[in-house]
Engineer: 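Below you will find the structure I want to go over with you.
Lettering follows sequence order; numbering is per chain, from 1. Hydrogens, waters and symmetry mates play no part in the numbers below; they use all other heavy atoms, side chains included.
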Protein chains: 2
Amino acid sequence: MSDDRRKFKRESAEARKEALILATLELVAENGVRGATVRGIAERADVTQGLIRHYFSSKEELIIAAYEHHMTAMTDQTFAPAAGADGTALERLTAFVNASLTPPVVDPRSIALWASFLNKVQQDEQMKATHERTYGYFRDFLEGLIAAALQEAGCPAGASRLRQLAIACNAVIDGLWLEGGALPDAFAPGELAGIGRQSVAAITGLNLEQEAATA
Amino acid sequence: MSDDRRKFKRESAEARKEALILATLELVAENGVRGATVRGIAERADVTQGLIRHYFSSKEELIIAAYEHHMTAMTDQTFAPAAGADGTALERLTAFVNASLTPPVVDPRSIALWASFLNKVQQDEQMKATHERTYGYFRDFLEGLIAAALQEAGCPAGASRLRQLAIACNAVIDGLWLEGGALPDAFAPGELAGIGRQSVAAITGLNLEQEAATA
DNA sequence: CCAGTAATTATGCAAGCGTATAATTTCTCC
DNA sequence: GGAGAAATTATACGCTTGCATAATTACTGG
């Protein structure tokens, strides 16, 4: 009948790698990088530990792959809503703030991952490069949005002031992202994004108080 | 002559505990909680590993003691400059922002410690309590300063708005603290505090642009 | 100055770690 | 349908870990 006596099923390299990476991210978020053991990851992915070595030449390599996977997912989630060239610069800035401060970007698991990876990022050159590239991309993108919105509003700013505005707005967004992830129940849905829009508005002098129109 | 044949020196319980805690914080900042091994800590404190068990009944207990030590040091450094009742509320708010965004509060090691402890904090009840108490104290204190400064300026705010302002200002400070600690060379001395003052000013509508007068 | 006691070191143990390699099992192709 | 190849499991090794306990060493009080 339905009792399948097979002891395992073969999967494509892609599917297996992804499953292992997802299991790794779960355990890293829960127990940190060192707490994410090869045996634990294998169990979470429903395979035996030997298989990990078949797809990744070391635990280090798996960790790096997982980190890159996570960073890509985060940037995709953040940038997609604001990447469309349609709409005014102000609308795109608003969409960016909103996306950065609502799920799935705001999420306890993301905070935990960010914290867990921090040590490794500071020590491993490859991870450091990934981190700085992502971070720089984020801030430059934000600075570009602010510049365009200010231009649009008829009050363009110099390079020095633009840099300061981007640093400040980036900081509010980061800080709110952190608070929302660390204390998920302390804020009503949408409250964080609302405070974010108001703060960015106050700092830049722009008016992005209203919710972004959904496309 | 000066060749002291003694194999070790006895120290007071206080001094030994503090030395062990400081060694623990160093290693936790460098390698995370799991990477701070009993043997590593003992070596860093120039003792043998057995001594740790003599002063702390387990590694867990040492970690908790180290966390509490660190949190106390952080709050002391942050609150001391603004705790003096002298000066206007605006001056105290300014001093608070400055203290939060200059060394030794802004420090790569603090960020590393914060990240390393995060996992443990979310799992251990005692550490969680310490964390929430510290965090709540920080935000309530900031909210009080903002309330007093607004009152002083003749434009008091309601409870709901006050809460939002405190959340937003707390977020900017946290975000800048994070950026300054993660990228210590990206900012000129005092630049972070300057951006912090400007941002808090923009968000609250207060005017704390000038540096705080030193007492 | 010398015994007693507490601090400190020295040694050992069981469990868990990452990694390596051999033994199986599943699938594909002719 | 059976042989070859690749995926997966099974087993083992050396090392590190936290913890326990015994053996030393340094200090103190009479």
Engineer: On DNA chain C, does the nearest nucleotide to B/Arg16 precede the nearest nucleotide to B/Arg39 from the 5' side, or the other way round? Give the residue.
Structural biologist: B/Arg16

Engineer: Please evaluate the base of D/dA26 for a donor-acceptor partner in the side chain of B/Arg6 within a cut-off of under 3.5 Å?
Structural biologist: no

Engineer: For B/Leu20 and C/dT9, what is the distance between atoms CG and P respectively, to the nearest whole Å?
Structural biologist: 10 Å

Engineer: Check the distance between D/dT11's P and A/Gln49's CD and give it to me in whole angstrom.
Structural biologist: 12 Å

Engineer: Could you state the CG-C1' distance from B/Leu51 to D/dT24, rounded to the nearest angstrom?
Structural biologist: 14 Å

Engineer: Out of B/Glu61, B/Lys59, B/Glu60, which one pairs with B/Ile63 under the side chain to side chain contact (heavy atoms under 4.5 Å, CB included) rule?
Structural biologist: B/Lys59

Engineer: Do the side chain of A/Thr130 and the main chain of A/Glu68 share a donor and acceptor less than 3.5 angstrom apart?
Structural biologist: no

Engineer: Quick one: B/Leu27 CG to D/dG18 P, roughly how many Å, whole number?
Structural biologist: 11 Å

Engineer: Could you pick out which residue, A/Ala13 or B/Gly50, lies toward the 5' side of DNA chain D when each is mapped onto its nearest nucleotide?
Structural biologist: A/Ala13

Engineer: If the cut-off is 4.0 Å, is B/His54 near the phosphate of C/dT8, judged by side-chain N/O to OP1 or OP2?
Structural biologist: no

Engineer: Tell me whether the side-chain N/O atoms of B/Tyr55 come closer than 4.0 Å to OP1 or OP2 in C/dT8.
Structural biologist: yes

Engineer: Verify the contact: side-chain N or O of B/Thr37 to OP1 or OP2 of D/dT17, cut-off strictly under 4.0 Å; return yes or no.
Structural biologist: yes

Engineer: A/Tyr135 and A/Asp174: side-chain donor and acceptor closer than 3.5 Å?
Structural biologist: no

Engineer: Would you mind reading off the distance between A/Glu60 atom CD and C/dG18 atom C1', rounded to a whole angstrom?
Structural biologist: 12 Å

Engineer: Want to settle it: does B/Phe8 or B/Val33 sit nearer the 5' end of DNA chain D, counting the closest nucleotide to each?
Structural biologist: B/Val33

Engineer: Check the phosphate of C/dT21 against A/Arg53, side-chain N and O only, distance under 4.0 Å to OP1 or OP2. Yes or no?
Structural biologist: no

Engineer: Once you round it to whole Å, what is the distance between C1' of C/dT26 and CD of A/Glu11?
Structural biologist: 12 Å

Engineer: Roughly how far apart are A/Leu192 CG and A/Ser100 OG, rounded to 0.5 Å?
Structural biologist: 11.0 Å

Engineer: Taking CD1 from B/Ile52 and P from D/dT17, how many angstroms apart are they, rounded to a whole number?
Structural biologist: 12 Å

Engineer: Exactly one of B/Leu62, B/Leu20, B/Ile21 should register a side chain to side chain contact (heavy atoms under 4.5 Å, CB included) with B/Tyr55. Which one does?
Structural biologist: B/Leu20

Engineer: Phosphate oxygens OP1/OP2 of D/dT9: is one of them under 4.0 Å from a side-chain N or O of A/Lys7?
Structural biologist: no

Engineer: Provide, to the nearest angstrom, the distance between the CG atom belonging to A/Asn31 and the P atom belonging to C/dG16.
Structural biologist: 14 Å

Engineer: How do A/Gly40 and A/Ser57 order along DNA chain C: which one's closest nucleotide is nearer the 5' end?
Structural biologist: A/Gly40

